[in-house]
Undergrad: 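Please see the structure below; I have some questions.
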Amino acid sequence: KKISDILEKSAPKPGVPADLQNLLSQHFGENRSVIEIEELKLSDSCFLPANDLTHSFSSYLKEICPKWAKLRKNHKEKKSVVMLVICSSALRSLELIKSMTAFKGDCRVLKLFAKHIKIKEQINMLEKGVFHIGVGTPGRVKALVEQDGLCLNSTKYMILDWNWRDQKLRRMMDIPEV
């Protein structure tokens, strides 16, 4: 059997905090001591309620972040974002950016993916302006953080596009590179 055959028959279900915790334990389990693994564990209070798949992306963001207008107005730091949305591909990033228009209002959104945008250009944009939402792929976000182009200190929300499946029916967390 192919994994795509199995995934095609399984109904999508919202991710839960245990999914991410298990993924972290599997990934870091072999290289870390018991104490270090314990420090990686996040309490359930660190997690927002998952989208129960009945909300659009904008309505979900409005539900989990009711004080967005105040957060947006108070954010003045360069090289950082208040909300970071991580998804599996550049095309999916663009799709999410378009679908959040009802939520974002007049805030500035930055595309954080590699398709047609050089990393130096993104670092320069982050240094010159104030952005409220960053939407991108794990690889590009990691590269920006490693090169000190993106600072996560003022990030209040990190949203993983956990349940969306690509053409091969893979979720972001099913891709080995992620």
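Only heavy atoms go into these numbers, but all of them, side chains included; no hydrogens, no water, no symmetry mates.
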Undergrad: Got His75 and Ser154 here, is their nearest side-chain heavy-atom distance under 4.5 Å?
TA: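 SC-SC contact between His75 and Ser154 confirmed.
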Undergrad: Hey, could you give me the CD/CD1 distance between Glu30 and Ile37, rounded to the nearest 0.5 Å?
TA: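 Between atom CD of Glu30 and atom CD1 of Ile37 there are 9.5 Å.
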Undergrad: Quick check: is Ile64 connected to Leu160 through a chain of hydrophobic side chains (ILVMFWY, heavy atoms under 4.5 Å apart)?
TA: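 No, Leu160 and Ile64 fall in different hydrophobic clusters.
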Undergrad: Nearest 0.5 Å, what's the OG-NE2 distance between Ser80 and His132?
TA: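 Ser80 OG to His132 NE2: 9.5 Å, rounded to 0.5 Å.
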Undergrad: Closest heavy-atom contact between Ile119 and Ala143?
TA: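 Where Ile119 meets Ala143 most closely, the heavy atoms are CD1-CB, 3.5 Å.
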Undergrad: Determine yes or no for a side-chain-to-main-chain donor-acceptor pair under 3.5 angstrom, with Thr155 supplying the side chain and Val81 the backbone.
TA: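 Looks like yes, one N/O pair under 3.5 Å.
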Undergrad: Show your working on side-chain contact (heavy atoms from CB on, under 4.5 Å) between Trp164 and Cys87 and close with a plain yes or no.
TA: CA-CA 8 Å; Trp164 182 78; Cys87 39; over 6 Å; no
Undergrad: Please report the C-alpha distance between Met158 and Ile86 in whole Å, then the side-chain angles of each, then the deciding distance to 0.1 Å, and finally whether the side-chain contact (heavy atoms from CB on, under 4.5 Å) criterion is met.
TA: CA-CA 7 Å; Met158 183 169 74; Ile86 299 178; 3.9 Å; yes
Undergrad: Going by the angle between their ring planes, with limits at 30° and 60°, are His55 and Tyr60 parallel, tilted or perpendicular?
TA: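 Geometry flag for Tyr60 against His55: tilted rings.
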Undergrad: Please output the side-chain donor-acceptor pairs of residues 145-153 that fall under 3.5 Å, not counting sequence neighbours, one pair per line with the distance.
TA:
none

Undergrad: Can Ser43 and Ser45 be counted as having a side-chain donor-acceptor contact under 3.5 angstrom?
TA: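 Yes, Ser45 and Ser43 have a side-chain donor paired with an acceptor closer than 3.5 Å.
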Undergrad: So which heavy atom on Pro138 is nearest to which on Met172, and how close?
TA: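 Distance-wise, the nearest heavy atoms are CG-SD, 4.0 Å.
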Undergrad: Roughly how far, to the nearest 0.5 Å, is the OH atom of Tyr157 from the SG atom of Cys65?
TA: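 The SG atom of Cys65 sits 3.5 Å away from the OH atom of Tyr157.
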Undergrad: Is any side-chain heavy atom of Ser89 closer than 4.5 Å to one of Asp166?
TA: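 Counting from C-beta outward, Asp166 and Ser89 never come under 4.5 Å.
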Undergrad: What is the distance from atom CD1 of Ile133 to atom CE of Met83, rounded to the nearest 0.5 Å?
TA: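 Result: 5.5 Å between the selected atoms.
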Undergrad: Report the C-alpha separation of Leu61 and Trp68 in whole Å, then their side-chain angles, then the decisive distance to 0.1 Å, and conclude whether the side-chain contact (heavy atoms from CB on, under 4.5 Å) test is met.
TA: CA-CA 9 Å; Leu61 293 175; Trp68 176 248; over 6 Å; no
Undergrad: Donor-acceptor pair, distance only, cut-off 3.5 Å: does the side chain of Glu36 make one with the backbone of Ser33?
TA: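 Checking the backbone N and O of Ser33 against the side chain of Glu36, a donor-acceptor pair under 3.5 Å is found.
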Undergrad: Between Leu112 and Gln122, what is the shortest heavy-atom contact and its length?
TA: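 Result for this residue pair: CA-NE2, 3.6 Å.
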Undergrad: Kindly work out whether a path of hydrophobic side-chain contacts (I/L/V/M/F/W/Y, heavy atoms less than 4.5 Å apart) joins Val85 to Leu110.
TA: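 Shared cluster, no.
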Undergrad: Using links of under 4.5 Å between side-chain heavy atoms of ILVMFWY residues, direct or through other members, which residues join Leu94 in one cluster?
TA: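 Leu94 shares its hydrophobic cluster with Phe113, Ile117.
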Undergrad: Is Leu91 reachable from Trp162 through a run of hydrophobic residues whose side-chain heavy atoms are each under 4.5 Å from the next?
TA: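 Different clusters.
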Undergrad: I want to check something: taking the side chain as every heavy atom from C-beta on, are Leu84 and Ile159 in contact at a cut-off of under 4.5 Å?
TA: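 Of all side-chain heavy-atom pairs linking Ile159 with Leu84, none is under 4.5 Å.
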Undergrad: Using a 6.0 Å cut-off, check whether atom CD of Glu127 has over 12 heavy atoms from anything other than its own residue.
TA: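 Enclosed.
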Undergrad: Distance-only criterion, 3.5 Å: show the donor-acceptor pairs between side-chain atoms of residues 95-109 and protein atoms not counting sequence neighbours.
TA:
{"from": "Glu95", "atom 1": "OE2", "to": "Arg92", "atom 2": "NH1", "distance (Å)": "2.6"}
{"from": "Ser99", "atom 1": "OG", "to": "Glu95", "atom 2": "O", "distance (Å)": "3.4"}
{"from": "Ser99", "atom 1": "OG", "to": "Leu96", "atom 2": "O", "distance (Å)": "3.0"}
{"from": "Asp106", "atom 1": "OD1", "to": "Arg72", "atom 2": "NE", "distance (Å)": "3.2"}
{"from": "Asp106", "atom 1": "OD1", "to": "Arg72", "atom 2": "NH2", "distance (Å)": "3.2"}

Undergrad: State, to 0.1 Å, how close Thr137 and Ala90 come at their nearest heavy-atom pair, and which atoms those are.
TA: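 Thr137 and Ala90 have their closest heavy atoms at CG2-N, 3.8 Å.
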Undergrad: Quick check: does any side chain N or O of Gln21 sit under 3.5 Å from a backbone N or O of Leu42, one acting as donor and the other as acceptor?
TA: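 Answer holds: yes.
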